[in-house]
Amino acid sequence: MMKMKVIDFLKDKKIAILGFGREGESSFRFIRNYLPDKDLVIHDKDFVDINDEHTTVISGENYLQNLNDYDVILKTPGISFTQLNYYIEPEKISSQTALFLQYYGNQTIGITGTKGKSTTASLIYHILQQNHKKTILAGNIGVPFFDIIEKIDEQTLVVAELSAHQLEFVHHSPHIAVLLNLYQEHLDHFNSFASYVQAKLNITRYQNEKDILVYNQQDEWINKQLTQHNFARKFYPFSNHIKYHAVITTCKVLGISDRDIETAIASFVPLEHRQEFVGEKHGIRFYNDSISTVPEATIYALEMLKNVDTLFLGGFDRGIDYAILYDYLDKNPVRNIVFMGPAGERMKTEWKTTINYIVENDMQKIILFAIMHTKKGKICLLSPAAASYDRYANFEERGKKFKQCALQLFSLKPFNSFKIEATCDDFICINKKEEFDYLFDKKIFEAPFFILGGGCNVLFTTNFNGTIIHINTKGITIQHETDDFIEIKVKSGENWDDFIDFCTKNNFFGVENLAGIPGRVGSCPVQNIGAYGVEVKDVIKEVHAREIATGKSHVFSNEACKFGYRDSVFKQELKNKFIIIAVVFRLSKIESYNLTYKALQDELQARPNVDELQTHSNITLALVQEKVKEIRNRKLPDVEQIGSAGSFFKNPVILKTQFEKLQKEYPQLVHFEEDENHVKLAAAQLIELSGFKGFRDGDAGVYPYQPLVLVNYGDATAQEITDLAKKIQQAVFERFEVNIECEVQWV
């Protein structure tokens, strides 16, 4: 038996086990199992605690000294001799791989390459198993060769993943050698790329005319080596353009049919961190290719996966030349790039790209960038083309962090102006008009959903068990224009104040009194936003929307929107039945202002160069916009500093008869006639008279300069905010018998 030949080779030799990691321990177990009294010496830099009377341990900084004293040095692959200061006779250097190939090479399918060897070896093993071949997977995949010897008989095929470290000192090759690719890698171990290539080439160097080489015919370094050497064996080339072609070619050589290969591939679960499909979340297909630490591997992943819209690059900088990657990406652009670590920063400096990118190391922020920018249905790929050691222990830790951040519940705290901590299962950011189709194609609306704009009129009262659809579409288009007016179509994700700035800059009149209102354009018709004597219904021509049940497009005229005070058809009978795509505004090009609001009049008249409000002397759009914002800023908190959703309550509308009774007791009540039978009261005054102006309970409070506004001073919970709101409503009702409704939407 071959096993006894291995033992016979070792039994009379003076042996050093160099390195006592997984493979070193395996060598010790194997030898001790068959040669229990044989003297052994273990050399390892770290202290080795072993209780064996026939074993000596040499550890510490000088553990590599005096190795010529032995007949056989069983070297662990990870130990490098590049820094050794003396000569070792090459015939003394051996390893598990060298001895295994010497005695079991005829039963071995060996796979090597800079990238892809683990997946290739695992898939070949899987196909052989599925086709009832007696097969064992071992080698660099994590199973030492000496651990499988007991399981091998004459019919066993051994699929061996072989690293350059394992092949460095071998003198035998496997019967079937698979050579995938040769890139710059492990130069710290080999000192030069040429030495690395020669180590890899040992997988085929010792083959004969009966042996088989499956090789990548597109790899320039492999082809160069094959033309420089007179190899005698059977050649089977494969192409990178066909996925798993190396695997398919190898299995066909072994007599497995195309159909059986295809069936087995369909049931294969890819290895972790190797073009691993993480999942489809946030409308994005996430792939983890953390093992890719050279540019060629990243290019290969991009070629195989296609449809990559966001790519994460960088990490530990080993000085690799990235020119080939820059050239590939220039010809095959990826829309969004994240540059990570020192390698990423160098890439950003060297590669003069103008694509959308960030330089970032925090994986949570990186994933957020991907969620916000990746086109729906496309791929976000971690394939860094760099090692991980700048922030992670290894590529596995980096890949696990990527997967964790991609799949975890999504934090909504940055997406609501109240700054309330809440999560959702899925968060889909819509940036392009065509991405709305994704929502319908994937039937997103068949499960719980909530449409979110700027998050400025919402209070998340609990974690949302469903999908948040965040509208972030941008675009302002002039549709029609005369000397007197202009019609502007604005996409629903546009920031409302940016639209006001656009109008002011171009002298379009009608929305300036609404300056400073936070939120997105798509939200403005839903609640018919208003301020300082103007409501948005006054300038909306039509609303473009898609029906959630059917996906069909609809255009709602101003009349069809059924606008009311802080109300519309989208808030009532059509709530959650349509998703607003754009709003068309009709604005005046003729100078005109609405200065009926007293606070705004007072602000303007206080200006020394404003002569007459009636004639608009020295009044400009920019001045009105500026004064509106100043009034708002005095009354309302900056949501960047203090969590708030603006006016939390609506001004209540009551019967005139009820108001007349209240007025007798409270003659100071501010009021506005709504119609001949109804009066609108100032909710802020009612709250103040009920004793809540400036009230604070923990971090939940009433803003001291505007009682309509509830605020989060820091870490208030949704429960604390809702409790405060209910307390205010109860107090106002008990005092005035008036119900004040919440304007903010509770979710």
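Model, not experiment: these values are computed from the prediction.
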Could I get the full list of ring-ring contact (aromatic ring centres under 6.0 Å, His included) partners for H373, not counting sequence neighbours?
F369
Please determine, by modelled atom types, if Q65 and Y86 share a side-chain donor-acceptor pair under 3.5 angstrom.
no
Side chains of T114 and E296: is there a donor and an acceptor less than 3.5 Å apart?
no
Applying ring-ring contact (aromatic ring centres under 6.0 Å, His included) to H470 and not counting sequence neighbours gives F415, F427
Quick one: are the ring centres of F193 and W221 less than 6.0 Å apart?
yes
Please confirm whether the backbone N or O of G315 pairs with a side-chain atom of R398, one donor and one acceptor, at under 3.5 Å?
no
Qualifying residues under side-chain contact (heavy atoms from CB on, under 4.5 Å), relative to V253, sequence neighbours excluded
I176, I212, Y236
Starting at CD1 of I428, measure out to CD of E435 and round the result to the nearest 0.5 Å.
10.0 Å
Distance, nearest 0.5 Å, that separates CD of E168 from OG1 of T97:
11.5 Å
Worked verdict on K378 versus R285 for side-chain contact (heavy atoms from CB on, under 4.5 Å):
CA-CA 6 Å; K378 299 292 186 179; R285 294 172 60 81; over 6 Å; no
Beyond-backbone contact of F312 with I366, side-chain heavy atoms, under 4.5 angstrom
yes
Are the side chains of Q364 and Q408 in touch, meaning some heavy atoms are under 4.5 Å apart?
yes
Is the closest side-chain donor-acceptor distance between K115 and T293 under 3.5 Å?
yes
Roughly how far, to the nearest 0.5 Å, is CZ of F47 from OG of S59?
7.0 Å
Partner set under side-chain contact (heavy atoms from CB on, under 4.5 Å) for V143, not counting sequence neighbours:
A138, I141, I148
Ion pair present between R274 and D289, side-chain N to carboxylate O less than 4.0 angstrom?
no
If you compare all heavy atoms of Q217 against all heavy atoms of S239, which two are closest, and at what distance to 0.1 Å?
NE2-CB, 4.0 Å
Measure from the side-chain N and O atoms of Q207 to the backbone N and O of H175, and report whether any donor-acceptor pair falls under 3.5 Å.
yes
Would you say that V334 contacts D309 through its side chain, given a criterion of any heavy-atom pair below 4.5 Å between the two side chains?
no
Within the structure provided, determine whether F238 and V247 are in side-chain contact (heavy-atom separation under 4.5 Å).
no
State, with a plain yes or no, whether a side-chain heavy atom of S292 is found less than 4.5 Å away from one of F395.
no
Hey, what do you get for CG (L201) to OH (Y196), rounding to the nearest 0.5 Å?
12.0 Å
Does E272 pair with K403 as a salt bridge, N-O distance under 4.0 Å?
yes
Name all residues meeting the ring-ring contact (aromatic ring centres under 6.0 Å, His included) criterion together with Y244; count only those two or more places apart in sequence or in a different chain, and write none if there are none.
none
Is any side-chain heavy atom of I367 less than 4.5 Å from a side-chain heavy atom of F286?
yes
Any donor and acceptor pair, going by atom type alone, linking the side chain of D52 with main-chain N or O of T55 inside 3.5 Å?
yes
So, the side chain of S173 versus the backbone of Y206: is there a donor-acceptor pair under 3.5 Å, distance only?
yes
What one should report as the nearest heavy-atom pair of E23 and P144 is CA-CG, 4.4 Å
Rounded to the nearest 0.5 Å, what separates atom CD1 in I203 from atom OG1 in T112?
5.0 Å
Within 45° of the axis and under 6.0 Å from the centre of the six-membered ring of F146, does NZ or CZ of R29 qualify?
no
Candidate pair S267 and H126, rule side chain to side chain donor-acceptor pair (under 3.5 Å), full reasoning:
CA-CA 9 Å; S267 64; H126 175 75; 2.9 Å; yes
K92 (side chain) donor-acceptor with N68 (main chain) under 3.5 angstrom
yes
Below 4.0 angstrom, N of the basic side chain to O of the carboxylate: do D211 and R233 qualify?
no
Cut-off 3.5 Å, side chains only: do E161 and S118 have a donor facing an acceptor?
yes
Side chain Q218, main chain N240, donor-acceptor under 3.5 Å:
yes
Side-chain touch F145/D147, heavy atoms, less than 4.5 angstrom:
no
Is the Lys NZ or Arg CZ of K400 less than 6.0 Å from the centre of F402's six-membered ring, within 45° of the axis?
no
Donor-acceptor side-chain pairing of S95 and H165 below 3.5 angstrom
no
Please answer whether the main-chain N or O of N181 pairs with a side-chain N or O of K200 as donor and acceptor at a distance below 3.5 Å.
no
Between R22 and G142 (side chain of the first, backbone of the second, donor and acceptor by atom type, cut-off under 3.5 Å), is there such a pair?
yes
Under 3.5 Å, is there a donor on one side chain and an acceptor on the other for Y70 and H43?
yes
With a 4.5 Å heavy-atom cut-off, do L128 and L157 have their side chains touching?
yes
Specify the closest pair of heavy atoms between Q129 and T135, including all atoms of both residues, with the distance to one decimal.
N-OG1, 4.3 Å
Just say parallel, tilted or perpendicular for the rings of F28 and F20, cut-offs at 30° and 60°.
perpendicular
Polar side-chain atom of T76 near backbone of L18 as donor-acceptor pair, under 3.5 Å:
yes
Output the distance between atom CG (L302) and atom CG (N307), rounded to the nearest 0.5 Å.
11.5 Å
With sequence neighbours excluded, give me every side chain to side chain donor-acceptor pair (under 3.5 Å) pair touching residues 341-353.
D317-R346, Y326-E350, D330-W351, R346-E350, K348-Y357
Can any side-chain N or O of N288 pair as donor or acceptor with the backbone N or O of E276 at less than 3.5 Å?
no
Do S26 and Q96 have a side chain donor and acceptor closer than 3.5 Å?
yes
Between D425 and K281, does at least one N-O distance fall below 4.0 Å, as a salt bridge requires?
no
For the residue pair F277 and Y287, does the interplanar ring angle fall in the parallel (under 30°), tilted (30 to 60°) or perpendicular (over 60°) class?
tilted
Scan side-chain atoms only and decide if T119 and S122 contain a donor-acceptor pair under the 3.5 Å cut-off.
no
